[in-house]
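Both backbone and side-chain heavy atoms feed into the values below; hydrogens, waters and symmetry mates do not. Everything numeric here is computed off the predicted structure, so don't read it as measured data. So you know, we letter chains A, B, ... as the sequences are listed, proteins then strands, and number each from 1.
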Amino acid sequence: MTVRTRFAPSPTGYLHVGGARTALFSWLYARKHGGTFILRIEDTDLERSTAESVDAILQGMTWLGLEYDEGPFYQTHRFPRYKEVIQQMLKEGQAYHCYCSKERLEQLRAEQMARKEKPRYDGKCRHGVPNPPPGVAPVVRFKNPLDGAVVVEDLIRGRVTFQNSELDDLIIARGDGSPTYNFTVVVDDMDMKITHVIRGDDHLNNTPRQMNMLKALGFTPPVYAHVPMILGPDGARLSKRHGAVSVMQYRDDGYLPEALLNYLARLGWSHGDQEVFSIDEMIKLFDVTKVHSSAAAFNPEKLTWLNQHYIKNNDPQHVAHHLSYHLGRHGVDPAAGGPDLVEVVKAQRERAKTLAEMANNSVFFYKDFASYDPKDAASHLKPEAEKPLKELRERLTALPLWEAQEIHEAVTAVAEALGLKLGKIAQPLRVAVAGRAISPPIDVTLMLVGREKTLERLDAALEYIRKQPVTA
RNA sequence: GCUCCCAUCGUCUAGUGGCCUAGGACGCUGGCCUCUCACGCCGGUAACAGGGGUUCGAAUCCCCUUGGGAGCGCCA
């Protein structure tokens, strides 16, 4: 039997990290077993579904690299099929028309709540309605078994038993004939021959109903795995007020997709003490069976640590590709001139936790800065820096080769000649060239900035120093 | 309220009856390295929710309590 998994988001917003995690788990499961991963858009809620959300979800999946083998299938395109199955169930007596008004249902619920009972449909129309009230468009309800139990052998939760007496006859088609969620899921999982349903555990309580319908339709239910939800750092359900929950927000904040994937996989799951997993390792080692059954809190610091790890250790070429997107947001096109981006990545990779940070710290390689960092200029571009900088300017101008090694020698030579510590000269130089006291090693920095720009900025700094009012 | 689920450092986790004076990682923190910022390296901090059992022996098995979560829609 070929494994077939699916990710079935409803397009009512962006792809959030919780959805990304269940998508990842489904994808991993399919890849691990040489199966098929299907994307299905559950857009039956016409009110809330939007085309923009579909795009956002697709974009998120693409950025993460979770490519699907089939789909996207849209439930709104499948209404004829749902109608067909509803007719069939009606004909076979597995479903029935219910004429109860919303008012009666509401009252019923209120009464049951008042009696401290679990609110549920009382089955009034289950055995037929002799005189249907005129003008009422009936809904269709599934005839749930009255007794017995449904046992879910959940890959993560283990055996979970539900008594049928706890379940009521759910509505599978609305008054206007449109199918409801729990029903479309059943038909789709059946038609798409889904073998493993990996989804959020908010669906665990829906599972027995879905299994009952599947059985009524003569289909063997798939294997289920309900993954616990993600909590915010404060232990409450992860939501917007915790900050970034959208996958694309993480891209814009400077995270690498593999870092997010690694973090998400490791959240609620582990393989011994291993923290870092390449995609291939995840496919090989990930075991949905070993996912914790308790909810896990999202820890942004650890994600950031992983991101830093990947920035530092991934192929610089790959990092550069993602970095150029962030430089673009600063109005810089690294392909249009300036130092080789890959070299910039190599110089910066150990000093950035995110690509947004790296981009921010790298624009000076490509673009002149408008002003110095005030504090750094005040502490380093002082009169006493004038002499070493002038001296340095001469040596740099005379350098036969513009290489880090030569530059380094020139800088140390000036320091020695003037009896200064390296920092006394490297820092003013750094501020002159980078605009502030933070940059890669000074020789590498100058090398990347280039001789022409370096001398230009050195002159500007000298000029700046001369223009400062002479104070103590 | 009812049904279902969950419970090891602040967080993610290892642990499946003796290897546990509970291990790793993030974070925080002391130190080293150092031209800045960092990286790196060495060290420290901190947990089995509580109570009963079972057992020679329990973080590991059972029960209760407490605490948390989800579901109970003509939403998905």
Let me know the distance between [atom1] of [X] and [atom2] of [N], rounded to the nearest Å.
X	N	atom1	atom2	value
L170(A)	rG71(B)	CG	P	16 Å
N299(A)	rU13(B)	CG	C1'	12 Å
I230(A)	rA70(B)	CD1	C1'	15 Å
W269(A)	rG15(B)	CH2	P	12 Å
N307(A)	rC26(B)	CG	C1'	14 Å
F364(A)	rC37(B)	CZ	P	15 Å

Identify whether any heavy atom of [X] sits under 4.0 Å from a base atom; if not, whether one sits that close to sugar-phosphate; answer base, sugar-phosphate or nothing.
X	value
P440(A)	base
E166(A)	sugar-phosphate
S270(A)	sugar-phosphate
A437(A)	base
P228(A)	nothing
E275(A)	base
L267(A)	sugar-phosphate
Q308(A)	sugar-phosphate
N182(A)	base
K302(A)	base
R48(A)	base
D176(A)	nothing

Short side-chain N/O contact from [X] to OP1 or OP2 of [N], under 4.0 Å:
X	N	answer
T12(A)	rA76(B)	no
T44(A)	rA76(B)	yes
Q348(A)	rA38(B)	no
R349(A)	rC39(B)	no

Distance check, [atom1] atoms only: [N] and [M], in whole angstrom units.
N	M	atom1	result
rU13(B)	rA46(B)	C1'	15 Å
rG18(B)	rC26(B)	P	29 Å
rG67(B)	rG50(B)	P	15 Å
rA59(B)	rU16(B)	P	13 Å
rU60(B)	rA49(B)	P	8 Å
rG24(B)	rU66(B)	P	36 Å
rC61(B)	rG68(B)	C1'	24 Å
rC5(B)	rA25(B)	P	35 Å

Can you tell me the base-pairing partner of rA38(B)? Count Watson-Crick or G-U wobble geometry only, both distances below 3.5 Å, and say none if there is no partner. none
Quick one: look up who rC74(B) pairs with, Watson-Crick or G-U, both distances under 3.5 Å, and put none if it's unpaired. none
Tell me which pairs pass salt bridge (Lys or Arg N to Asp or Glu O under 4.0 Å) where either residue lies in [range], with sequence neighbours left out.
range	result
residues 424-436 of chain A	none
residues 344-364 of chain A	E343(A)-K346(A)
residues 6-17 of chain A	R6(A)-D189(A)

Give a yes-or-no answer on whether the side chains of T207(A) and R199(A) include a donor-acceptor pair shorter than 3.5 Å. yes
Can a donor-acceptor pair be found between the side chains of E258(A) and N314(A) at a distance below 3.5 Å? yes
Step-by-step side chain to side chain contact (heavy atoms under 4.5 Å, CB included) determination, Q210(A) to Y181(A): CA-CA 10 Å; Q210(A) 294 180 7; Y181(A) 166 76; 4.1 Å; yes
Any chance you could lay out the salt bridge (charged side-chain N to carboxylate O under 4.0 Å, His left out) test for K284(A) and E281(A), step after step, and finish with the verdict? CA-CA 5 Å; K284(A) 201 184 305 169; E281(A) 282 178 309; over 6 Å; no
Under the rule for side chain to side chain donor-acceptor pair (under 3.5 Å), what residues qualify as partners of [X], not counting sequence neighbours?
X	result
E416(A)	none
R104(A)	D122(A)
E117(A)	R115(A)
H309(A)	N313(A)

N/O-N/O pairs, protein side and nucleotides 40-42 of chain B side, under 3.5 Å:
from: rG40(B); atom 1: OP1; to: K312(A); atom 2: NZ; distance (Å): 2.9

Where does rC39(B) land, syn or anti, given syn is within 90° of 0? syn
Plane angle bin for Y82(A) and F183(A) - parallel if under 30°, tilted between 30 and 60°, otherwise perpendicular: perpendicular
Under the salt bridge (charged side-chain N to carboxylate O under 4.0 Å, His left out) rule, what do D168(A) and R209(A) come out as? Steps first, then yes or no, please. CA-CA 9 Å; D168(A) 64 357; R209(A) 299 167 178 286; 3.2 Å; yes
Protein-nucleotides 4-7 of chain B N/O pairs closer than 3.5 Å?
from: rC5(B); atom 1: O2'; to: R157(A); atom 2: NH1; distance (Å): 2.3

Quick one: what's the B/S/- string for nucleotides 59-64 of chain B, heavy-atom cutoff under 4.0 Å, read 5' to 3'? ------
Just jot down the ring-ring contact (aromatic ring centres under 6.0 Å, His included) partners of H330(A), sequence neighbours excluded, or say none. none
Just to be sure I understand the geometry, which residues of residues 415-434 of chain A put a non-hydrogen atom under 4.0 Å away from RNA chain B? L422(A), G423(A), A426(A), Q427(A), R430(A)
Rounded to the nearest 0.5 Å, what separates atom OH in Y96(A) from atom NZ in K143(A)? 8.0 Å
Please confirm whether R141(A) makes a cation-pi placement over Y121(A), using NZ or CZ under 6.0 Å from the six-membered ring centre and within 45° of the ring normal. yes
Treating N262(A) as the side-chain partner and F277(A) as the backbone partner, does any N or O pair qualify as donor plus acceptor under 3.5 Å? yes
Could you tell me whether the side chain of D202(A) has a donor or acceptor atom within less than 3.5 Å of a complementary atom in the base of rG71(B)? no
